[in-house]
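Naming convention: chains lettered A, B, ... in sequence-line order (proteins, then strands); numbering from 1 in each chain.
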Protein chains: 2
Amino acid sequence: MKGYIRGLAAALAVVAALGLAGQASADTDGEIKYRQSVMKAVGGHMGAMATILKGKGGSKENLAGHAHAMAELSKIAGGIFPEDSDFGETRALPVIWEKPVEFKQALTAFQTEAAKLVQVAKGGDMNAFGAQFKNLGGACGGCHKKFREKK
Amino acid sequence: MKGYIRGLAAALAVVAALGLAGQASADTDGEIKYRQSVMKAVGGHMGAMATILKGKGGSKENLAGHAHAMAELSKIAGGIFPEDSDFGETRALPVIWEKPVEFKQALTAFQTEAAKLVQVAKGGDMNAFGAQFKNLGGACGGCHKKFREKK
């Protein structure tokens, strides 16, 4: 009987472990999906602003709205790289979690430049906005270059 | 001499017409590109909120930021369908410009539901947020069904 109970307990432990593993995997996928949605929004707003700044489409009056969304997204970005979200369909490189200090610096640069863009938008000087947009793009590129897998 | 001048004037008119045509085409492409960037941002924010609401990733604290961005984008959407931006690589259907009153109703529904989502986010009731998110999704779908080409 003791053997049976021990066997049952072991089986239950395996089921529990599998259950937990399944749960962790589902969470990981969700975190990756969320991150990709956030980055899709980032790409949309940046592309929209680039088109306006080139004078090809959209309206200058929309720049402040896009800048504000970018500032929100940059804050959100601080929480979209939880531990263990490097498994699955993601281009996020392991170096994100291996060099957390360096990665945090890159994220902070994103947040700082996006917050500055909101301020510059309030001023209404298009040249200043263009220059700060370039700085923000530099922060994006700086992070992607080191921490995102090349296609 | 009169004939020469007439010929030159005709030639200049052709050049001017070509120049204008070129300009119009570039603008059209830019407007389409801008519209697509705006819709990419819309898709990113909606996808991000869906993932949070399903409890699969992200954080509930980010919902308000995404909702705010959607309200901004819904206002911007009012200006991203200028006349003549139905040429080129676009799934925007001619019915947008053929039935402007009906199209405006669909756009207004988008703006109304997005503005409501911002209000509901302030209340912090997750069930209410989920219900209003569904209403907003309905407004997206209502417009896409009638005014966007199927893939």
Side-chain angles (χ1 to χ4, degrees), chain A residues 22-82 84-85 88 90 92 111 114 118 121, chain B residues 22-82 84-85 88 90 92 111 114 118 121:
Chain A
Q23 186 66 32
S25 169
D27 285 349
T28 298
D29 288 351
E31 292 296 351
I32 291 171
K33 209 176 165 194
Y34 182 68
R35 181 161 69 222
Q36 288 170 346
S37 290
V38 167
M39 286 301 173
K40 185 178 169 183
V42 164
H45 289 293
M46 289 300 281
M49 285 189 279
T51 303
I52 296 171
L53 289 170
K54 283 180 202 159
K56 300 224 164 169
S59 159
K60 286 171 188 173
E61 282 131 52
N62 299 343
L63 287 172
H66 290 302
H68 188 271
M70 281 301 296
E72 290 276 1
L73 289 164
S74 74
K75 283 183 228 161
I76 287 171
I80 63 177
F81 296 91
D84 298 327
S85 67
T90 179
Q111 290 162 344
V118 173
Chain B
Q23 185 65 33
S25 169
D27 284 349
T28 299
D29 287 353
E31 292 297 350
I32 291 171
K33 210 176 165 195
Y34 182 68
R35 181 160 69 222
Q36 288 170 346
S37 291
V38 167
M39 287 301 173
K40 185 178 169 183
V42 164
H45 289 293
M46 289 299 282
M49 284 190 280
T51 304
I52 296 170
L53 289 170
K54 283 180 202 158
K56 298 223 165 169
S59 159
K60 286 172 190 174
E61 282 131 52
N62 300 343
L63 287 172
H66 290 302
H68 188 271
M70 281 300 296
E72 291 276 1
L73 289 165
S74 75
K75 283 183 226 160
I76 287 172
I80 63 176
F81 296 91
D84 299 326
S85 67
T90 178
Q111 290 162 345
V118 173

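The side chain to side chain donor-acceptor pair (under 3.5 Å) search around Thr51(B) returns none, not counting sequence neighbours.
Of the residues considered (Gly65(A), Ser85(A), Ala69(A), Ala48(A)), Ala48(A) shows the highest number of contacts with chain B, using heavy-atom pairs under 4.5 Å. Interface check for chain A: of the options Ala50(B), Gly47(B), Gly58(B), the most heavy-atom pairs under 4.5 Å are formed by Gly58(B).
Among residues 37-44 of chain B, the residues having any heavy atom closer than 4.5 Å to a heavy atom of chain A are, in sequence order, Ser37(B), Val38(B), Lys40(B), Ala41(B), Gly43(B), Gly44(B). Among the residues in residues 73-82 of chain B, those with a non-hydrogen atom closer than 4.5 angstrom to a non-hydrogen atom of chain A are Leu73(B), Ile76(B).
Using a 4.5 Å heavy-atom threshold, the side chains of Glu72(B) and Glu72(A) count as separate.
Between His68(A) and His68(B), the ring planes lie tilted relative to each other; the angle falls in the 30° to 60° range.
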